[in-house]
Amino acid sequence: MSAAPALSAHVIRARRQRSLESGAVFGTQILIGLGLLAGMYALNAVGGNLLMPSPTDVVEESIQMWSDGTMLSGLGQSLTVITLGFLLSASTGIFLGVLLGGFRVLGRVLEPFVNAMNSTPGAAFIPLIIVWFGLYTEAKVVVVWNAAFFPILINTTAGIANANKDLVEMARAFGARRATLFWKVMVPDALPSILSGLRIGAAICTVGTVIAELTMAQSGLGGLLAAAGNRFQMDRYFAVVIVLMALGTAITALLRFAERRLGRWRVSLANGR
């Protein structure tokens with residue numbers, strides 16, 4: 001009878017500790033943000049707008065760019081490239097990762113080629129991509145795909161190859177077919193690795209989009225960034241940078257939310273085996 005109150009008290013203490021920790025983390029983040037703002041004001045006072053724009057000027061320029069539709073148009077163009085590139089890299093990376101991780105001999109045969117392609121800077125392929133696909137959306141999507149594909153592929157391959165051997169052998173003993181092994185045993189067990197690859201790939205997609213927009217037909221947020229930098233309009237430049245930072249943070253937060261949801265599904269699936 002005494003175990004229940006003790007357990008309840010332990011749960012209350014754990015919740016209180018998590019609440020205090022969350023408050024401390026949030027307070028520290030606020031202090032860091034205020035410190036960065038103070039540093040921007042200090043650099044502006046010492047070196048002027050060319051060295052560091054005033055946060056007030058950045059806010060005013062941001063309001064202007066959102067009001068006249070410039071920022072919204074650029075964001076829409078960049079989101080199109082990011083979304084298409086990420087969906088393409090995620091689908092192909094996961095599919096090929098399942099094959100390479102599930103078929104050991106195939107993985108050993110293709111591993112040197114995957115490592116060679118992954119170690120080659122993506123910028124080296126841009127001239128070839130321009131020749132093949134031109135300068136517009138299709139080529140930018142290919143650049144983003146090339147940047148995000150390999151982290152997703154490698155993480156998926158590792159997750160599938162390192163799936164729980166006992167579960168795999170048990171499923172085989174019960175006569176499970178290869179497709180059942182993949183989708184009912186190996187893929188659920190590899191979800192943490194797959195989702196980690198998707199998070200890395202999503203972050204790289206944002207970087208790849210900006211690189212594509214800078215090196216090809218300038219458009220989107222990358223084009224706004226290049227135009228502001230070429231004219232030394234640093235307040236406009238930082239306004240675009242803030243949107244890019246917010247975009248990357250939002251994408252990461254969405255993937256973390258998806259990871260938590262899928263993590264619950266994975267636990268439920270494991271409990272139901």
Side-chain angles (χ1 to χ4, degrees), residues 18-86 122-123 137 140 143-144 147-148 198-260:
R18 285 197 299 268
S19 178
L20 291 173
E21 182 179 333
S22 298
V25 168
F26 182 71
T28 304
Q29 290 172 340
I30 293 296
L31 289 175
I32 292 174
L34 292 174
L36 291 173
L37 283 176
M40 289 181 68
Y41 277 115
L43 285 174
N44 178 258
V46 172
N49 289 329
L50 188 60
L51 179 63
M52 178 63 67
S54 168
T56 305
D57 294 339
V58 174
V59 171
E60 292 176 353
E61 186 62 32
S62 296
I63 294 173
Q64 177 62 35
M65 294 178 73
W66 283 105
S67 299
D68 62 19
T70 302
M71 193 74 80
L72 187 61
S73 175
L75 180 60
Q77 293 170 352
S78 294
L79 277 176
T80 299
V81 175
I82 291 173
T83 303
L84 293 175
F86 178 70
T137 302
K140 295 173 186 177
V143 170
V144 173
L198 288 175
R199 267 208 321 272
I200 297 171
I204 294 176
C205 278
T206 306
V207 178
T209 298
V210 174
I211 292 174
E213 290 173 342
L214 288 172
T215 55
M216 298 178 182
Q218 292 186 354
S219 62
L221 296 176
L224 294 177
L225 207 63
N230 292 336
R231 298 184 179 95
F232 297 100
Q233 297 171 327
M234 303 312 293
D235 50 352
R236 193 178 183 89
Y237 187 91
F238 270 81
V240 179
V241 168
I242 290 172
V243 173
L244 286 169
M245 293 169 63
L247 180 60
T249 303
I251 292 173
T252 302
L254 284 173
L255 285 171
R256 286 191 181 279
F257 174 76
E259 184 175 359
R260 287 195 297 269

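Since we're looking at a predicted model, the values are computed, not measured.
By the side chain to side chain contact (heavy atoms under 4.5 Å, CB included) test, Glu60 pairs with Thr56, Asp57, sequence neighbours left out. A search for side chain to side chain contact (heavy atoms under 4.5 Å, CB included) contacts involving Val210 returns Leu214, Leu225, Leu244, not counting sequence neighbours. Scanning for side chain to side chain contact (heavy atoms under 4.5 Å, CB included) contacts around Ser73 gives Gln77, with sequence neighbours left out. Residues satisfying the side chain to side chain contact (heavy atoms under 4.5 Å, CB included) criterion with Leu79, sequence neighbours excluded, are Leu75, Leu247.
Residues Ala148 and Ile204 approach most closely at N-CG2, 4.1 Å, considering heavy atoms. The two residues Ile63 and Ser67 have their closest heavy-atom pair at O-OG, 2.6 Å. The two residues Val143 and Gly208 make their nearest non-hydrogen contact at CG1-O, 4.0 Å. Ser54 and Tyr41 make their closest contact through OG-CE2, 3.6 Å (heavy atoms, listed as atom of the first residue, atom of the second, distance). Closest approach of Gly222 and Ser78 over heavy atoms only: N-OG, 4.4 Å.
Note on residues 71-84: no pairs pass salt bridge (Lys or Arg N to Asp or Glu O under 4.0 Å), not counting sequence neighbours. Sorted by first then second residue, the salt bridge (Lys or Arg N to Asp or Glu O under 4.0 Å) pairs that include residues 44-53, not counting sequence neighbours, number zero.
Side-chain contact between Arg236 and Thr70 is present, with at least one heavy-atom pair separated by less than 4.5 Å. Annotation: side chain of Val144 is not in contact with side chain of Lys140 (no heavy-atom distance under 4.5 Å). Under the 4.5 Å side-chain criterion, counting only non-hydrogen atoms from C-beta, Val46 is not in contact with Met52.
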Problem - Verdict with reasoning, Leu224 to Met65, per side-chain contact (heavy atoms from CB on, under 4.5 Å) - result: CA-CA 10 Å; Leu224 294 177; Met65 294 178 73; 4.1 Å; yes
Handout entry: Derivation of the side-chain contact (heavy atoms from CB on, under 4.5 Å) call for Phe86 and Thr209
Key = CA-CA 10 Å; Phe86 178 70; Thr209 298; over 6 Å; no
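Interatomic distance, Leu36 CG to Leu31 CG, rounded to the nearest 0.5 Å: 11.0 Å.
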